[in-house]
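Take a look at the structure below.
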Number of protein chains: 2
Amino acid sequence: MKELVDFRADILKALAQPTRLKIIDFLRDGERCVCEIFPAIDEEQSNTSRHLNMMLAASVLSRRKDGLKIYYAIKHPEILEVMDIVTGIVKLEIDGRHELLKAI
Amino acid sequence: MKELVDFRADILKALAQPTRLKIIDFLRDGERCVCEIFPAIDEEQSNTSRHLNMMLAASVLSRRKDGLKIYYAIKHPEILEVMDIVTGIVKLEIDGRHELLKAI
DNA sequence: CCATTAAATGACTATATACTCATATAGTTT
DNA sequence: AAACTATATGAGTATATAGTCATTTAATGG
């Protein structure tokens, strides 16, 4: 039986990879089809498709079909909150390292 | 050169694993030494140590030495915000699936 | 100095992940 | 139906990850 801790790990894992972060950044302004996403992040179509499906399975993205095209979107706006918080931590860390350097 | 996207991925990766989530849950109330952590999460000392060092390297945890013991703590309170948001998303998803089941 | 306790690490194994190239599937247009 | 476009997937490779057991390093107390 899958524990709550595993569901949380699945969602976090779906966010924890550079290519997927680029996708999430690109989807910030709203849904996009695969054909728009993979050139924007400069990855192969097949690789992009796999990442999209993975994030879909983890409930990070939602998917909508329209004719030939498949549009992916960020499923929960809270995902963007998470991204903003993490970006904030990175900035704190980088500032902290600058302080260390200045002290030398 | 490491991109911003990679720093974000490192932090998220450090959170995205069941054993590490258990550690973070356990550290919610404050710092703990390794000797308290590994029995609490029911993992081997060596495995726990590796996960702790990994989270330290990713700036998720901080470390303090006191004699023989080494105390680890959550470095940024924002990490706990992230965890709460993700827990919220998991709950939304589980509720959503219950609704689906009821509809059958 | 020796024994003890706490934490980290080397060496290994098994599994998972990211990616690529080629191909398959599905929907569209003519 | 044939050609075309968009997306997904099979198969393979290379690397990363999580875990184990045994050992090492570091600090403390007798």
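Keep in mind that the numbers below use all heavy atoms, side chains included, and drop hydrogens, waters and symmetry copies.
- Once rounded to the nearest 0.5 Å, the distance linking CD of B:Glu78 with CD1 of B:Ile85 reads 11.0 Å.
- Atom CG of B:Leu52 is separated from atom C1' of C:dA7 by 10 Å (rounded to the nearest Å).
- Residue A:Ser46 places no side-chain atom within donor-acceptor reach of the base of C:dC19, judged by atom type and a 3.5 Å distance cut-off alone.
- Among the protein residues, B:Tyr72 comes within range of the sugar-phosphate backbone only, with heavy atoms under 4.0 Å from sugar or phosphate atoms but none that close to a base.
- With values rounded to the nearest 0.5 angstrom, A:Ile74 atom CD1 is found 11.5 Å from A:Glu31 atom CD.
- Of all nucleotides listed (C:dA26, C:dT5, D:dT7), C:dA26 comes nearest to the side chain of A:Lys65.
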Polar pairs (N or O, both sides) under 3.5 Å between protein and nucleotides 14-19 of chain D?
residue: D:dA18; atom: OP1; partner: B:Arg20; partner atom: NH1; Å: 3.1
residue: D:dA18; atom: OP1; partner: B:Arg20; partner atom: NH2; Å: 3.0
residue: D:dA18; atom: OP2; partner: B:Arg20; partner atom: NH1; Å: 3.1
residue: D:dA18; atom: O3'; partner: B:Gln17; partner atom: NE2; Å: 3.3
residue: D:dG19; atom: OP1; partner: B:Thr19; partner atom: OG1; Å: 3.1
residue: D:dG19; atom: OP2; partner: B:Thr19; partner atom: OG1; Å: 3.4
residue: D:dG19; atom: OP2; partner: B:Asn47; partner atom: ND2; Å: 3.2
residue: D:dG19; atom: OP2; partner: B:His51; partner atom: NE2; Å: 2.5
residue: D:dG19; atom: O5'; partner: B:Asn47; partner atom: ND2; Å: 3.2

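- B:Asp25 and A:Arg8 are joined by a salt bridge, as a carboxylate oxygen and a charged side-chain nitrogen come within less than 4.0 angstrom of each other.
- The distance between atom CD1 of B:Ile70 and atom P of C:dA7, rounded to the nearest whole Å, is 7 Å.
- Stacking of A:Arg32 on the aromatic ring of A:Phe26 is recorded, both the 6.0 Å distance cut-off and the 45° axial limit being met.
- Ranking C:dT9, D:dA6, D:dA26 by closeness to the B:Leu68 side chain, first place goes to D:dA26.
- A:Asp42 has its CG atom 12 Å from the P atom of C:dC19, to the nearest Å.
- Residue B:Arg63 places at least one side-chain N or O under 4.0 Å from the OP1 or OP2 atom of C:dA8.
- Counting to the nearest Å, the C1' atom of C:dT29 and the NZ atom of A:Lys69 are 14 Å from each other.
- Using modelled atom types and a 3.5 Å distance limit, the side chains of A:Glu43 and A:Thr48 yield no donor-acceptor pair.
- Note on A:Phe38: it does not cluster hydrophobically with A:Leu68, by side-chain heavy-atom contacts below 4.5 Å among ILVMFWY residues.
- Place B:Tyr71 and A:Gln45 on DNA chain C by their nearest nucleotides, and B:Tyr71 ends up nearer the 5' end.
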